[in-house]
Amino acid sequence: MSETNEMSGAAPLRLTLYVAGQTPKSVAAIRNLERICGEHLGPGRYLIDVIDLRQSPHLAREHNIVAIPTLVRQLPVPIQKIIGDLSDTQKVLVSLQIDASR
Amino acid sequence: MIGLVASGYRMTAGVQKVPTGIDGFDDLTLGGLPRGRPTLVCGSAGCGKTLFASTFLAKGARDYGENGVFVSFEERPDDIVDNVASLGFGFDELIADGRIFIEHITINPAELAEVGDYDLEALFMRLELAVEAVGAKRIVLDTIESLFSAFTNVAVLRAEIRRLFDWLKERGLTAVITGERGEGALTRQGLEEYVSDCVILLDHRVENQVSTRRLRIVKYRGTAHGTNEYPFLIAEDGFSVLPVSALGLGHMVHEERISSGIPDLDDMLTGGGFHRGSSILLSGVAGSGKSSIAASFLAAACAAGERALYFSFEESGAQTVRNMRSIGLDLGRYIDNGQLSMHASRPTFYSLEMHLAIMLRDVARMQPSLVVLDPISAFLDAGDHRDVQAMLLRVIDYLKSHGITGLFTHLSHEHGSVQTDAGLSSLMDAWVLLLNREANGEFNRELYLLKARGISHSNQVREFVMTDHGISLIRPYLGEQGALTGSARRAEEARLRREQAQRRLDAEVVEQRLEQRRRRTLAQIDALRAELEAEELEFRSVAEGRRRSDAQAQSDRLAMAKSRRAQAADVGDE
């Protein structure tokens, strides 16, 4: 819990979302992530990169991505990955270790 | 290669095949794996799936001009390269040359959470890139089942795997997919349901503490294939399958003779020596000289400039060389110049089939004119008699079909027994029986030619003597009490010599006596003749005397008469 407290006060959450084109799952994931972050984290507390592997497929290998969509929490460490369209908000919050009560 | 049928790329209409380059496998499948289709290679851990796949890929890129992608879900690329480095495929060079591409896909379930719907589109993208990078015709997925431990949504996974197989077919990639053996199914995750073309099962069984690797083609749609279990080998030069199936009886027949290295033994066979390509059984009890005779054959073959292969199941090669030096056979020389190769292994070291496989492989590689198995009876302790017989039958068949002379030694446990436990007699063309008979407190080695097909031969039991300059066979003493050997023979021979001497002596005495008597008789004859001459002389002098006196009397009478006539005239005148 101390980690969460430290995190909440310190550096912003760095998230990378890997999608492949405008597939329904990819579109849903982008929408869900923006919604969750907007609802549960204040502005400036998070940073989202969306990478379309259709545009740069080599990144799938470089970043070792298998499933689409994949959300990677780059910071804080350790790296955490979530795959899926992020349709379950609670699970996303738990996996990203975001304190929903705040 | 140990050929069933000449390999071809398109043996069966409809199914095009690509050679794997795996020794024996392409023969077995009449050409290799189905082109452009996925093949499932399944088996338990450590049974050689990855090696099969690597060989398929490396040989494809190196020998058949088909580049490949190795998709590893488990091992790191460095480990894959290291694992096959010892096999001399030059995997790292092939990678450097852009002919093989290793795609390493790892998923750490600990750092992965699943929220909602997903697919494996990124995996497909990576595969696509890898395939394009080297223009791959071949692909290996080793092992795709790892995905099942990484992802929890099995429904998604199965759908994606099905899509993956379709994708492979669409791309026309010849794929090898490995799968872990499951309980009651070929693979743990039922991968076989996605692969309808070709399924190969690798097995690694341990029986009586002996492990054997076996390969079986479970399914190969649209083509003929061998259906048996075939032993395979992972040796220093890679993966080789050994189709040790029985061949027909269309052996070549040789009129040519080969020497046993023992002139006396060759002489027992009319025409000198055994037929080339025949199978010769040497059976005898312990210490009857089987290995020595075998070594003699080896030395003779090498001396004739041929190659020979010696499989020993009791002694090490070095030990054999040393031991044979004591009977004047220098086998080391032939080993050094490559004519003779010795392979020593315990019967229990491999399973029977593996022994067979290794022997056939070595024979195929070396192509010797003589192969010795010493002793075949060692296998009887290691395996079931029927299996042993089947194995030996295959060895003999193989050797015969290649015109290679086979020499098999067999340790019989019973003295003087003419039974081979494995019932091999009918398989053998010639049978040399070695006896070690006890008589008068000593054992003597004896040799008997029990049979030699197509060659008339001596029926004598010969005494078999090993000296420091080779083996010789001594004709036995054939006496009234049967053939004698050893000291008994020597004693008998001595007795004979004594008798002869005695007889010679007796004859001399008789001769002398006769001479004396002849001389005596001649002397008597002389004496009698002298006597006769004396008598004749006497008779002649008497006769002369009488003639003379007769003549005197005559002349006296005439004189008388003359004088009387004168008187008468006187008287008349008177």
Side-chain angles (χ1 to χ4, degrees), chain A residues 15-33 35-37 51-98, chain B residues 69-77 95 101-134 136 139 141-161 163-164 167:
Chain A
L15 301 170
T16 310
L17 182 65
Y18 295 88
V19 295
Q22 297 297 308
T23 62
K25 281 191 277 274
S26 297
V27 172
I30 295 169
R31 206 174 52 233
N32 286 331
L33 182 63
R35 181 178 51 77
I36 292 166
C37 289
I51 294 177
D52 186 354
L53 293 177
R54 284 262 173 264
Q55 311 295 323
S56 40
H58 62 279
L59 290 177
R61 183 173 204 233
E62 284 165 27
H63 298 168
N64 194 24
I65 303 302
V66 176
I68 292 291
T70 295
L71 176 65
V72 179
R73 188 192 71 187
Q74 311 282 8
L75 280 174
V77 286
I79 286 176
Q80 188 67 36
K81 289 182 182 176
I82 303 174
I83 58 170
D85 59 12
L86 311 176
S87 53
D88 187 326
T89 307
Q90 281 309 310
K91 275 193 186 171
V92 174
L93 292 175
V94 168
S95 299
L96 292 178
Q97 295 172 4
I98 297 168
Chain B
V69 170
F70 195 109
V71 185
S72 171
F73 292 90
E74 287 172 346
E75 289 178 285
R76 292 182 302 116
I95 293 168
F101 190 88
I102 299 185
E103 179 71 35
H104 186 213
I105 292 172
T106 49
I107 298 146
N108 182 1
E111 62 179 33
L112 194 71
E114 291 178 26
V115 181
D117 198 12
Y118 60 92
D119 58 39
L120 302 183
E121 187 59 32
L123 172 68
F124 283 83
M125 288 176 165
R126 291 171 69 172
L127 297 184
E128 183 90 53
L129 276 180
V131 167
E132 278 171 12
V134 293
I139 190 165
L141 304 176
D142 180 46
T143 165
I144 201 167
E145 286 184 317
S146 302
L147 293 176
F148 284 88
S149 62
F151 298 104
T152 52
N153 191 337
V154 175
V156 167
L157 205 48
R158 291 202 178 278
E160 289 299 280
I161 288 177
R163 187 155 74 97
L164 176 61
W167 179 85

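In what follows, chains are A, B, ... by sequence order, proteins preceding strands, each numbered from 1. What you are looking at is a predicted structure, and each value in this text was computed from that prediction instead of being measured.
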Q: Could you tell me which non-hydrogen atom of A:A67 sits nearest to which non-hydrogen atom of B:Y118, and how far apart they are?
A: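 It is CB-CD1, 4.0 Å.
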Q) Quick one: do the A:N64 and B:T106 side chains pair a donor with an acceptor below 3.5 Å? A)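 There is such a pair (donor and acceptor under 3.5 Å, judged by atom type) between the side chains of A:N64 and B:T106.
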**Q.** Counterpart residues, side-chain hydrogen bond (donor to acceptor under 3.5 Å, both in side chains), relative to B:S146 (two or more places apart)
**A.**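 Listed in chain order: B:E74.
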Q) What residue among A:N32, A:L71, A:D88 forms side chain to side chain contact (heavy atoms under 4.5 Å, CB included) with B:V115? A)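 Checked A:N32, A:L71, A:D88 against B:V115; only one passes side chain to side chain contact (heavy atoms under 4.5 Å, CB included): A:D88.
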[atom1] of [X] to [atom2] of [Y]: how many Å apart, nearest 0.5 Å?
| X | Y | atom1 | atom2 | answer |
| --- | --- | --- | --- | --- |
| A:I83 | B:D117 | CD1 | CG | 10.0 Å |
| A:T70 | B:E114 | OG1 | CD | 10.0 Å |
| B:L112 | A:I79 | CG | CD1 | 12.5 Å |

Q | Part of B:E160 within contact of chain A (heavy atom distance under 4.5 Å) | A | neither
Q: May I ask you to check whether over 12 heavy atoms, not counting those of A:Q22, lie within 6.0 Å of atom CD?
A: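 No, because the 6.0 Å sphere around CD of A:Q22 holds 12 heavy atoms or fewer from other groups.
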Q: With a 4.5 Å heavy-atom cut-off (strictly below), which parts of residues 120-130 of chain B touch chain A? List them by number.
A: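 Those residues of residues 120-130 of chain B which have a heavy atom under 4.5 Å from chain A are B:L120, B:E121, B:A122, B:L123, B:M125, B:R126, B:L129.
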Q: Name the member of A:Q80, A:R61, A:K91 that forms the most heavy-atom pairs with chain B at distances under 4.5 Å.
A: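 It is A:R61.
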